[in-house]
Amino acid sequence: MTTDGAHPAAPTGAATRRGPLRAGERVQLTDPRGRRHTITLTPGKEFHTHRGRFAHDELIGRPDGTTVTNSAGVQYLVLRPLLADFVLSMPRGAAVVYPKDAGQVVQMADVFPGAVVVEAGVGSGALTMSLLRAVGDGGAVHSFERREDFADVARGNVETFFGGPHPAWRLTVGDLVEALPAAGLSAADGTGADRAVLDMLAPWECLDVVADALAPGGVLICYVATATQLSRVAEAARASGRWTEPEAWESMVRGWHLEGLAVRPEHRMVGHTGFLVTTRRLADGVRPPVRKRRPAPGAYAGDVPGAAPTDAPEAVEPGDDTDTVDEAAAAGAGTEYGDRPVSDRKVRKAAREAAAGAAASREAARATADADAGAEREEPGTA
């Protein structure tokens, strides 16, 4: 509560995370075997499986964390999905950044409330939602996506989760190298971004334009799928001379079975999903310290008998057509970097589902706001 007694405005999306379940909200159902189903509560509709059914109306108005029993006597636990649950069940066009990696990005890039973040490669919006949560309404996330159909899916998913448009989000459809200079972010003018996150096929092609937009000391973190990509972005950062020594890692998550004395690791785990490589922007005119650690023999082509001699890896310049991913491959034809083609039909379906979810979520958020406004009017002693 503020000093004048007024309640501060809730952050975007907070109102839909508490209170009774409302029409238009997504809820997660868990059966006795642990199988999960995600549905959007719609008056008059029913949830069906081969083991019975129940009406959505039985859940609307009930508290979060309740249970419901279907016509066959099967009981379901009903909860609002967490962000991690939502990401894994939402409509998707492109592959999503898994929650374990999104958490690493937010933590290791030190994304703070009020930060200005550049994101390239929006995909289905999974990482975008984590970034928006971290920066809050007072920050800014400038997202760039080359494919308009992917951008439509991401927009629908973000609005579904937050109950409407997020005030901190700026979504641009276009190539990062061409569109970022027009975003008004400039290290030279003192308006540079605080953080940059690149989830794309060839992040090494964008290092210079990102350095121009990132404030000195700002963090760059890249999410790549293969060791080839990991090597290229690290060597390009070293050759650029504008970044600190890059660091890279991957994370794996292994669950545990807990049943009495039968406590053991699960047979399945979330293994390799991608590599994260991070570095920080140096001040203009500053050269990084010379590395004291010598590369291993054979690390570069000049160390291999019969190979062409070389002193260091060449910098990759934006726009250089040599050995880069062509436009058709980046659009979904598949590449040597492990990109999987995504059918247009699948993306269109995901966009329709995301838009429908966003519309339902907006209605639920509007109903919540109207209910809160009515409660304030009825509260005694208010103006």
Report task. List the steps and the verdict of side-chain contact (heavy atoms from CB on, under 4.5 Å) for Glu119 and Thr128. Result -> CA-CA 8 Å; Glu119 179 198 19; Thr128 306; 2.9 Å; yes

Query raised in the report: Is there side-chain contact between Tyr98 and Leu88, with at least one heavy-atom pair below 4.5 Å?
Result: yes

Query raised in the report: Is the backbone of Thr16 close enough, under 3.5 Å, to the side chain of Arg80 for a donor and an acceptor to pair up by distance?
Result: yes

Query raised in the report: Can you tell me if Asp189 uses its side chain to pair, donor with acceptor, with the backbone of Thr191 under 3.5 Å?
Result: no

Requested in this report: Please tell me if the side chains of Thr38 and Phe86 come closer than 4.5 Å, counting only heavy atoms from C-beta onward.
Outcome: no

Report task. Check whether any side-chain heavy atom of Pro167 sits under 4.5 Å from a side-chain heavy atom of Thr12, and report yes or no. Result -> yes

Query raised in the report: Taking all atoms of both residues into account, what is the closest heavy-atom pair of Pro81 and Arg26, and its distance?
Result: CD-O, 3.2 Å

**Report entry** Basic-acidic side-chain contact under 4.0 Å: Asp344, Arg147
**Finding:** yes

Report task. Describe, in one word, how the ring planes of His37 and Tyr76 are oriented to each other, choosing from parallel (under 30°), tilted (30 to 60°) and perpendicular (over 60°). Result -> perpendicular

Query raised in the report: So, does Thr160 use its side chain to make a donor-acceptor pair with the main chain of Ala358 at under 3.5 Å?
Result: yes

Report task. Would you confirm whether Asp212, through its side chain, and Ala187, through its main-chain N or O, come within 3.5 Å as a donor-acceptor pair? Result -> no

Report task. Go through the steps to decide whether Val210 and Val118 satisfy the test side-chain contact (heavy atoms from CB on, under 4.5 Å), and finish with yes or no. Result -> CA-CA 8 Å; Val210 171; Val118 172; 5.6 Å; no

Report summary line: What one should report as the nearest heavy-atom pair of Pro203 and Cys222 is CB-SG, 4.0 Å

Query raised in the report: Between Glu145 and Ala120, is there a donor-acceptor pair closer than 3.5 Å when you use the side chain of the first and the backbone of the second?
Result: no

**Report entry** Under 3.5 Å: donor-acceptor pair, side chain of Arg36, backbone of Gly34
**Finding:** no

**Report entry** Derivation of the side-chain contact (heavy atoms from CB on, under 4.5 Å) call for Leu77 and Leu29
**Finding:** CA-CA 6 Å; Leu77 174 64; Leu29 312 173; over 6 Å; no

Query raised in the report: Short question: side chain of Ser124, backbone of Gly93 - any donor-acceptor pair under 3.5 Å?
Result: yes

Report task. Test side-chain contact (heavy atoms from CB on, under 4.5 Å) on Leu59 and Phe47 and set out the steps. Result -> CA-CA 11 Å; Leu59 297 179; Phe47 172 71; over 6 Å; no

Query raised in the report: Between Ala126 and Val96, which heavy-atom pair has the shortest distance, and what is it?
Result: CB-CB, 3.8 Å

Query raised in the report: Which pair of heavy atoms, one from Ala102 and one from Val97, lies closest together, and at what distance?
Result: N-CG1, 3.8 Å

Query raised in the report: Do any N or O atoms from the side chain of Arg281 and from the backbone of Gly217 form a donor-acceptor pair under 3.5 angstrom?
Result: no

Query raised in the report: Does a side-chain N-to-carboxylate-O contact under 4.0 Å join Asp149 and Arg348?
Result: no

**Report entry** Validation row: Pro246, Arg238 side chains within 4.5 angstrom (heavy atoms)
**Finding:** yes

Query raised in the report: So do the side chains of Asp194 and Val117 get within less than 4.5 Å of each other, counting heavy atoms only?
Result: no

Query raised in the report: Do Val105 and Leu276 come within less than 4.5 Å of each other through their side chains, counting heavy atoms only?
Result: yes

Requested in this report: Return yes when atom NZ of Lys45 has more than 12 non-hydrogen atoms of other residues, nucleotides or ligands closer than 6.0 Å, and no otherwise.
Outcome: no

Requested in this report: Could you tell me whether the side chain of Gln229 and the main chain of Ala225 form a donor-acceptor pair under 3.5 Å?
Outcome: yes

Report task. Fit a plane to each ring of His56 and Phe54, take the angle between them on a 0 to 90° scale, and name the class: parallel (under 30°), tilted (30 to 60°) or perpendicular (over 60°). Result -> tilted

Query raised in the report: Just by modelled atom types, is the Arg62 backbone N or O under 3.5 Å from a matching donor or acceptor in the Thr66 side chain?
Result: no

**Report entry** Glu266, CD atom: more than 12 neighbouring heavy atoms under 6.0 Å
**Finding:** yes

Query raised in the report: Are the side chains of Leu171 and Arg155 in touch, meaning some heavy atoms are under 4.5 Å apart?
Result: yes

Query raised in the report: Within a strict 4.5 Å, meaning less than it, do heavy atoms of the Asp101 and Ser251 side chains meet?
Result: yes

